[in-house]
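Every value quoted in this text rests on a predicted model; they were computed, and no experiment measured them.
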Number of protein chains: 2
Amino acid sequence: MEKLRRLKTAESEKISHLDYFNIAISVDCVIFGYDKNELKVLLIKSDLEEFAGAYSLLGDLIRTDEDLDTASYRVLKERTGLDDVYLEQVHAFGALDRHPSGRVITIAYYSLVDISNHKLQLDTNELHWHPVHTIRKLAFDHKLILDTCMNRLQTQIMERPVIFNLLPEKFSLRELQKLYEEILGTELDRRNFRKKIAVKDWLQDLDEMESNLSHRPGKLYALKKEFRHKSVNA
Amino acid sequence: MEKLRRLKTAESEKISHLDYFNIAISVDCVIFGYDKNELKVLLIKSDLEEFAGAYSLLGDLIRTDEDLDTASYRVLKERTGLDDVYLEQVHAFGALDRHPSGRVITIAYYSLVDISNHKLQLDTNELHWHPVHTIRKLAFDHKLILDTCMNRLQTQIMERPVIFNLLPEKFSLRELQKLYEEILGTELDRRNFRKKIAVKDWLQDLDEMESNLSHRPGKLYALKKEFRHKSVNA
DNA sequence: AATTTAATGTGTTGTAAATACATATTTGTA
DNA sequence: TACAAATATGTATTTACAACACATTAAATT
């Protein structure tokens, strides 16, 4: 507030014109989860009459005392109770008509959470996990935002060890491969996939096996500690 | 304005709280040019006393009636007179203390212009081209923004035909290679470089030769028409 | 006119990475 | 104990990348 007062009184004529503060700014989070071999995204029923019945991403206006990453962490925390998740800024969306209630520019983030680990209070606040592939339309420009984040996710998982944020701590190579296939939308050769993963040297062999399966169990792996949670926000 | 009135009167209590409009939002453009075998960036002397003597990127607050891309095109047009340039959104920066005059969130763009083609009125408005490699510090967080855009540029030139926006319409392979080397900061093998470019199939052989050189002239090429100016702004 | 200079314009070969593909092994279950 | 279902792994082939050398052209110089 102190800063803003300085800005409005003492500063250049451009900045002080109140018109420029008539743009609101928000963050929207594309929260990906993985469950039952499906990539899912966390959506909420839109509360705007313009979009009655439609779902939207989780977002909120940015407060004057928090930076962009903090705002998206807050949204995530408030909505899901999670605070140890992967978050990455993707793109700013600012089309004039993107919000029916006025001019709102939004900064989109995607985040990755391990569904199995967490029980969200889903029903209480109309939050639901939706299979990404079944989503045809969303409120606002949120389908565009979802698609943009999905593209980003696809390129990121090939380059950096982010995908593990969707999995439980211990997982088999089969589970990992299934997840890659689900995100990329392709089938992968098991032998070549394992070679590729081996080369990256991301995984630690836990000397444990899967259990409670009706077939031969696979070894369990975990992401090496040094790779955990390294967000790149510029 | 009409929209905003609706927003402030009829809409949800969150959005209508005036506090949320106390954040200003701007665009900043990292305008790259290429001249005399050097990659340059267009800077302006900062007009804030906090940064007396320091240079800053070109930017402006976003108007309520223009979207993000439009705002950055406008900045470019107003400052340089150019309107046929390559522009790409890179990242949003929103640290609390990034602007000494108040809370300003900025969306950073990079753009590529062909210096030789254009005579800017540089001196009149304190605009100058600075060799990118010599820049140590800038006003605000603009050095961070510059570095972020530079990284993006480096990855983009390998993947998509954007680099040609820095060159005149006709160019030799030697000129192209020099530019790649300047941006990537490495030396490239001429034979391998030409093979790589040939595979991408971006270029049209013009059946013309360089002239006015004191050595053997090379063939001239142009970017194929179908690749010209395809910005990807999500 | 011959020579020098400085660049252009290819081609080959070796190495590393990506792909395609098949068989033996382990566990739980009928 | 035979079967179903998945694990675990190796090799041959193709493709991409890197390293490298020589003949050619035009202009400037002698």
Quiz prompt | side-chain hydrogen bond (donor to acceptor under 3.5 Å, both in side chains) between B/S56 and B/S46, intermediate numbers included | solution = CA-CA 6 Å; B/S56 71; B/S46 174; 4.9 Å; no

Exercise. Mind running a 4.0 Å heavy-atom check of residues 179-186 of chain B against DNA chain D and sending the residues that fall below it, in number order?
Key: none

Quiz item: What is the bend of the helix from C/dA1-D/dT30 to C/dA30-D/dT1 when you compare the axis at one end with the axis at the other, using five pairs each and rounding to 10°?
Solution: 10°

Practice problem: Rounded off to whole Å, could you give me the CG-to-P distance for the B/L176 and C/dG9 pair? | Solution: 13 Å

Self-check item: Protein-to-nucleotide contact annotation, 5' to 3' order, nucleotides 20-30 of chain C [B base; S sugar-phosphate only; - none; under 4.0 Å, heavy atom]
Solution: BBB--BBBS--

Exercise. Check for a donor-acceptor pair, side chain of B/E210 on one end and backbone N or O of B/G218 on the other, with a separation under 3.5 Å.
Key: yes

Quiz item: Sequence neighbours excluded, which residues qualify as side-chain contact (heavy atoms from CB on, under 4.5 Å) partners of B/N37?
Solution: B/Y34, B/K178

Quiz prompt | Start and end of chain A contact along DNA chain D [non-hydrogen atoms, under 4.0 Å] | solution = D/dA6 to D/dT11

Self-check item: Nucleotide C/dA7, atom P - distance to CG of B/N37 in whole Å
Solution: 12 Å

Quiz item: What pairs with A/D141 under salt bridge (charged side-chain N to carboxylate O under 4.0 Å, His left out), at least two apart in sequence or on another chain?
Solution: A/R98

Exercise. Name all residues meeting the side-chain hydrogen bond (donor to acceptor under 3.5 Å, both in side chains) criterion together with B/D114; count only those two or more places apart in sequence or in a different chain, and write none if there are none.
Key: B/S116, B/N117

Self-check item: Qualifying residues under salt bridge (charged side-chain N to carboxylate O under 4.0 Å, His left out), relative to A/D35, sequence neighbours excluded
Solution: none

Self-check item: Salt-bridge criterion met for A/K219 and A/D207 (N-O under 4.0 Å)
Solution: no

Quiz item: More than 12 foreign heavy atoms under 6.0 Å from NZ of B/K200: is that the case here?
Solution: yes

Practice problem: Could I get the full list of side-chain contact (heavy atoms from CB on, under 4.5 Å) partners for A/A198, not counting sequence neighbours? | Solution: none

Self-check item: Residues that B/K195 engages under side-chain contact (heavy atoms from CB on, under 4.5 Å), provided they are two or more places apart
Solution: B/N192

Quiz item: Would A/Y180 and A/E182 count as having a side-chain donor-acceptor pair, cut-off 3.5 Å?
Solution: no

Quiz prompt | Non-neighbouring partners of B/H130 that pass ring pair (Phe, Tyr, Trp, His ring centres under 6.0 Å), sequence neighbours left out | solution = B/Y55

Exercise. Whole angstrom is fine here: how far is it from CZ in B/R174 over to P in C/dA6?
Key: 14 Å

Quiz item: Listed by chain and number, what are the side-chain contact (heavy atoms from CB on, under 4.5 Å) partners of B/H215, not counting sequence neighbours?
Solution: B/R174, B/L213

